[in-house]
Asks: 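Can you read through this structure? Questions will come right after.
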Amino acid sequence: MRKVPDWKCARVTRVVLVRFAVMILTIPGAMQAASAQRLIAVPPPPMGWSSWNSFSNTVDAKIIMDQANAMVVNGMAKAGYQYVTIDEGWWLGQRDPGGNIVVDAKAWPAIAPGEQAGDMANIVRYIHSKGLRAGIYTDAGMDGCSLYPDLGPVYQHVGSEGHYEQDFLQFAKWGFDYVKVDWCGGDKEKLDPAVQYAEVARAIAKAEAATGHRLYYSICEWGNNSPWTWAPNVGGAPADIWRTSGDIVPPIVPHEKHSGRLASFPGVLSNFDQGIHPEAEHTGFYNDPDMMVVGMPGLTDAQSRVHMSLWAISAAPLLAGADLTTLSPATLATLTNPEVIAVDQDSLGLQGIKVATYGYGLEVWSKALSTPGERAVLLLNRTGDPAAITVHWGDFGLNDSSAVSVRDLWARKDLGSFDSSYSVAVQANDAAMLIVKGSEGKLNSYTATGADGVRGSREVTFTNVSSRVRVARLRISYINSGDAPQMAELRVNGQTATKIAFPSTGSDNSAGAIWIEALFDREAAKNVLNFELISAPGLKIESIAVE
Ligand code: GLA
């Protein structure tokens, strides 16, 4: 197993060091052996490309090789896109008498000398040879989603139910780095997703332990069973991302086994809205509003820019879905804007939250970034008319008595310094995306109360916590002297718990801090925050500070 580089912070108050530590920990590939047995990594949201939106179930080796090549040649790989993921359609559901997956040798031939046709390790080697990572797809039930009677009996049972350990070990042995686990079969059989996905998590953990190879784990049950409340610690082992909504493009029509699916702007907005669960999104664990449709038929260039802005402000996975071999220059520029990508990939991993609404459809969203005093800000106009939208620094915790500098991320231009607020004209169904830099407003600190608050006990409670906003940013100071991340469950005012990972702070009892967002009762100055420490002993929560 690979080990994460050791990182430490001397003192909680040395915020710069804390942030540096978080950055080290979030380098893709940095990982540790977890007490929950999965190889835990807390990277930024994944970036890459997935086959489904453009190729549906016609995917084969030629398509994947072309897309991997294009990703390197067109500069997307350099911009941070890494994963090339093969969605449904790669497998026709046949198994040999030993239950092993049998792969269509024509669709997946030998690529390099000495390779056997029908071995998925071939395409993985090809993807890796381009410096990229490879992803694969299965279903937690018996069948995937593309089972249509008219496709004939061959296109059946493309799910892993009954073969979890065998299949996930096979994926890891083939060399895949990422697996998306769908829910069509599970849904049809009325299985319990929290139960099945926990079993999958255990199978993945076993495959990782057997091969030393990490499989990024993507859950796809469309948000039907509130996965944000259980996926971050499903079965004691975290999933990395979980879908929060249905498909961003309409399902394929039976008989129509090809691409050409039409994206729509309302579809993009709807998936964005359903993906907002900031209380569940912490560094390493992300809500997934679906693979993107940036640059696909059905969206204008401006709408694609808004789409990219929405995914970035919500720290969503950036998995492009358009055919990378035919991207227009405008689409490529949208997908590779480094400043917008940096917002998505910020090491705090926090989701943007809506901080102001003006009448119907004029909204201000803000995402806290890892540099103190910085916020990404999205001014979204959902209406059919141009409108001015004003953003007030105080709305997202910046000190509003000093000047704040503003930069436009799509124009790539500094706009100057402004006192207390900034107004911008936003076109109909469009958005402006800014970075603002000022100084942090005051944080209120709390220490644990009551008998439960004894450091090192399994529960830590903070009472009389006040916030004037519903979604409040919270800094948690803690010590985790073990070498693996520890998990705690947070309940605010008795709401459904959310799981939070606390990375190691090193073996010398030095303290660290993470930032999260929590749902508060806006009216109350008496919020109660209860942390239950659910993994191995050794995690101490010292204090919290609220924006
Ligand atoms: C579901 C998923 C899609 C895609 C298809 C494959 O609809 O939500 O993202 O994986 O299945 O059939």
Side-chain angles (χ1 to χ4, degrees), residues 46 48-60 63-64 67 83-93 107 134-152 154-161 167 171 176 178-189 191 193 196-197 200 216-225 227 231 239-264 267-268 270-272 274-275 286-294 296 307 311 316-322:
W49 174 87
S50 179
S51 60
W52 185 252
N53 287 348
S54 283
F55 296 97
S56 64
N57 51 1
T58 61
V59 64
D60 61 16
I63 288 173
I64 296 299
Q67 298 297 316
Y83 291 100
V84 174
T85 85
I86 307 169
D87 207 283
E88 184 161 21
W90 67 272
W91 175 40
L92 301 182
I136 190 83
Y137 165 100
T138 188
D139 194 285
M142 288 275 277
D143 295 313
C145 299
S146 288
L147 177 60
Y148 292 112
D150 58 310
L151 292 179
V154 287
Y155 209 76
Q156 290 184 19
H157 304 322
V158 293
S160 288
E161 192 185 352
D167 287 1
F171 297 152
F176 283 102
Y178 178 113
V179 61
K180 169 174 168 182
V181 185
D182 213 339
W183 189 240
C184 278
D187 199 40
K188 198 168 78 183
E189 297 163 55
L191 302 177
Q196 295 310 123
Y197 282 114
V200 169
Y216 198 89
Y217 180 20
S218 153
I219 285 181
C220 178
E221 65 75 77
W222 321 296
N224 289 350
N225 299 275
D240 298 292
I241 55 174
W242 50 88
R243 276 278 292 277
T244 48
S245 53
D247 293 5
I248 197 165
V249 273
I252 51 165
V253 181
H255 308 289
E256 192 201 316
K257 273 178 55 178
H258 57 77
S259 54
R261 307 163 67 197
L262 270 195
S264 79
V268 168
S270 163
N271 274 41
F272 167 71
Q274 293 174 72
Y286 304 104
N287 296 297
D288 174 10
D290 203 0
M291 303 160 295
M292 298 189 291
V293 285
V294 168
M296 282 184 60
H307 175 4
W311 263 232
L318 297 180
L319 298 171

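One-based numbering, in listed order, for ligands and for the atoms of each. Everything quoted here is computed from the prediction, not taken from an experiment.
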Asks: Would you check if there is a donor-acceptor pair between the side chains of Asp139 and Trp183 at a distance under 3.5 Å?
Replies: no
Asks: Mark yes or no for whether Thr138, through its side chain, and Gly159, through its backbone, hold a donor-acceptor pair below 3.5 Å.
Replies: no
Asks: Holding to salt bridge (charged side-chain N to carboxylate O under 4.0 Å, His left out), I want the full list of residues that pass it with Asp87, two or more places apart in sequence or in another chain.
Replies: Lys180
Asks: Tell me the residues surrounding ligand 1, counting only those with a heavy atom closer than 4.0 angstrom, sorted by chain and number.
Replies: Trp52, Asp87, Glu88, Tyr137, Cys145, Ser146, Lys180, Asp182, Cys220, Trp222, Arg243, Asp247, Met291
Asks: Just to verify, what does Phe171 make a ring-ring contact (aromatic ring centres under 6.0 Å, His included) with, not counting sequence neighbours?
Replies: Phe168
Asks: Using the test ring-ring contact (aromatic ring centres under 6.0 Å, His included), find all partners of Phe176 that sit at least two apart in sequence or belong to another chain.
Replies: none
Asks: Is there a donor-acceptor pair closer than 3.5 Å between any side-chain N or O of His307 and the backbone N or O of Met292?
Replies: no
